[in-house]
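First up is the structure itself, then whatever we jot down about it.
When a residue number appears, it is its place in the shown sequence, counting from 1. Everything numeric in this text was worked out from a predicted model, so none of it was measured. Just follow the structure's listing: the first ligand is 1, and inside any ligand the first atom is 1.
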Amino acid sequence: MCGFISILAPDGADVVQDVLTGLLAIQHRGQDAAGVVTFGDKFQAKKGLGLVRDVFEQRHLARLTGHMGVGHVRYPTVGGGEDTDVQPFWVDYPVGIAMAHNGNVTNFHELRRDYFLKHTPQARLASNCDLEAVLYVFAGVLFQKRADRLRGEDVRDAVAEVFRVVKGAYSVVGIVAGAGMFAFRDPFGIKPIILGKKDGPDGPWWAVASESVVLDVAGYQPVRDVEAGEVIWIDNSRRVQSFKVSDRPHRPCIFEHVYFARPDSVLDGISVYEARLSLGESLAKAWKKSGREVDVVIPVPESARTAAQRMAEEIGVPYREGFVKNRYVGRTFIMPNDKQRQASVRHKLNPIRVEFEGKRVLIVDDSIVRGNTMRQIVRIARQMGAAEVHLASYSPPLLHPCPYGIDMSTKREFIARGRTHEQICAELGCDSVVYQDVQSMVEAVQTAGGCAKKFCTACFTGDYPTGDITEAMLADIEADRLAASGRETS
Ligand code: AMP
């Protein structure tokens, strides 16, 4: 997962402030690295490892001039850890193109091995980042067009070639130097991407971002989500063109609603906040079936709060904040190894004894992936004197690697894989565990959106919507992840 924003404003304007405001609003989508590329009369760039607030200083803003800009925050999936992999990427010649993406190219290794070497034997990809594959396939088509008279149809052709060659899930934004801004979403529309607009004295400013919260915070009105398989081209005179390049079924990632997106975002017309309320309501039904009773419902902060509140209301038990989160410790999930992750849960979540002592507690989280967080949490709850510790996850057991860019790519790490609920319970040390089932999860999100939209639920079901995920691809991705985290493959 990553986050981006791209802006096209009238000539003479400076977009960098809005780009940075937008990036701060999607810092949750990636804390590993951040970058901005702007264009006025030439590309200006600043990229670095770390949080947006650490990478950018006042002196960089003065340099990042121009009426076009692209910004990115990175959460490493393919590549990662290296300065060379920080987005946006750009090429200067023969057409200037800057680009950023969110997603994962599933045939990146194959493209590196075969496509690029076959087409241009002298070419060498400079980074380990799969965006390079998208950029060079896209640029390869535009290089054959007249850069001074670039048309929407040329951009459409370039995206059609990307769709033909590059497999996986990717939402992409970018600018073509002096010519315009483009945005496109993979044929199945797995990753979110939304178009927005604001009015300025010299005409409209257009923005495209990963989540609607970016537009809200940066002062843009959401216009609409980019459709699956659609490309949008906005030229320098800010004329908007749209082309539907593919008509595969739209299958947005349901995990965005479960965990990833901010609750104040609306994705493809569905409020993430309302989806989480609805997920909590339906989890309450599953819990009631267990026939168990508890004294208090406690969320694992932050993402589980909304669902836990609704769940507590539904089962008629007080909702309490039993853990205080230290906001200044990074997401535990991204720590490179299990040992560090386990230690950091305690650094991040400190319990409030009075909410546990002598009580039967129900702890609610969005998901249980490896079980590291929950194992620690159960231990802490017991140390605080809880009489019983029950767990509820408002998403189903995670069982299958996500090849589309959510960092949960190694099968053997899933705690639920090959275990019954009783065995999971024993592993986590809790008294019981309840999961939402897949159908209830999907229906809960549909209810929130008042629609019958279908989703990518591959990490729960193994049903990959792109239909082209092979064991070899999963093995490549797993090897990448393990290499990136410094662990050994076995
Ligand atoms: P684990 O400790 O491995 O079971 O991770 C579960 C915790 O990580 C939950 O509290 C989630 O909120 C969070 N989480 C789930 N999926 C992800 C992800 N892909 N990236 C970062 N955090 C995640």
Side-chain angles (χ1 to χ4, degrees), residues 1-3 26-32 73-78 80 102-104 169 190-191 253-263 272 276 279-280 298-308 322-323 325 329-349 363-381 391-417 419 424-425 427-430 433 435-436 441 456-460 477 481 484-485 487:
M1 283 287 146
C2 294
I26 39 161
Q27 185 76 81
H28 64 287
R29 297 188 73 87
Q31 301 88 37
D32 187 62
V73 287
R74 183 180 77 182
Y75 175 102
T77 44
V78 167
N102 167 31
N104 197 41
I190 295 173
K191 301 293 174 190
C253 167
I254 201 156
F255 209 70
E256 292 278 349
H257 287 283
V258 169
Y259 172 73
F260 227 89
R262 262 175 62 158
V272 176
R276 290 190 187 156
L279 285 161
I298 294 177
V300 179
E302 306 282 336
S303 34
R305 279 202 171 119
T306 313
F323 294 100
K325 183 172 174 176
V329 179
R331 281 190 170 183
T332 49
F333 200 92
I334 347 186
M335 298 279 169
N337 62 47
D338 273 7
K339 232 183 172 156
Q340 279 186 32
R341 265 195 296 272
Q342 281 168 20
S344 77
V345 172
R346 195 66 174 80
H347 298 160
K348 197 166 100 173
L349 297 175
I363 298 174
V364 180
D365 205 354
D366 54 86
S367 58
I368 306 174
V369 187
R370 302 173 176 101
N372 292 324
T373 311
M374 274 307 198
R375 198 177 291 114
Q376 288 283 303
I377 280 176
V378 172
R379 194 175 306 152
I380 296 170
L391 306 181
S393 161
Y394 66 80
S395 64
L398 282 152
L399 297 170
H400 302 275
C402 174
Y404 305 128
I406 294 211
D407 176 21
M408 48 172 68
S409 349
T410 67
K411 288 189 221 186
R412 62 194 178 119
E413 294 181 324
F414 294 121
I415 189 167
R417 203 164 167 108
R419 290 196 176 92
I424 297 172
C425 237
E427 273 288 319
L428 297 176
C430 57
V433 60
Y435 286 96
Q436 180 115 257
M441 171 183 66
C456 174
T457 56
C459 51
F460 306 109
I477 293 169
R481 291 306 305 150
S485 62
R487 282 167 281 159

Using the ring centroid of each side chain, check whether Y435 and F460 are separated by less than 6.0 Å. no
Closest to atom 13 (C) of ligand 1 (judged by heavy-atom distance), picking from Y259, F255, F260: Y259
Which atom names give the shortest non-hydrogen contact between V272 and R262, and what distance separates them? CB-O, 3.5 Å
With atoms numbered from 1 as shown, which atoms in ligand 1 lie under 4.0 angstrom from a non-hydrogen atom of N372? 1 (P), 2 (O), 4 (O)
Taking R29 first and then E256, would you say they form a salt bridge - that is, a charged N and a carboxylate O separated by under 4.0 Å? yes
Suppose I only count heavy atoms of S367 and a 4.0 Å limit; which atoms of ligand 1 are within that range? 6 (C), 9 (C), 11 (C), 15 (C)
Do you know the tightest heavy-atom contact between H257 and L279? O-CD1, 4.4 Å
I want to know if ligand 1 touches V369 in the polar sense, i.e. an N/O pair below 3.5 angstrom. yes
Under 4.0 Å between heavy atoms, the region of D365 that gets near ligand 1 turns out to be side chain
Non-hydrogen atoms of V300 versus ligand 1: any pair closer than 4.0 Å? no
Which of the numbered atoms in ligand 1 are under 4.0 angstrom from any heavy atom belonging to D366? 11 (C), 12 (O)
Heavy-atom pairs closer than 4.0 Å: do any link ligand 1 to the side chain of I406, the backbone, both, or neither? side chain
What residues, two or more places apart in sequence or in another chain, satisfy side-chain contact (heavy atoms from CB on, under 4.5 Å) together with E427? R375, I415, R419
Contact atoms of ligand 1, heavy-atom distance to Y75 under 4.0 Å: 18 (C), 19 (N), 20 (N), 21 (C)
Give the contacting part of T373 toward ligand 1: side chain, backbone, both or neither, where contact means a heavy-atom distance below 4.0 Å. both
Partner residues of P301 under the side-chain contact (heavy atoms from CB on, under 4.5 Å) criterion, sequence neighbours left out: R305, F323, K325, L349
Do F414 and V369 have side chains that approach each other closer than 4.5 Å (heavy atoms only, starting at C-beta)? yes
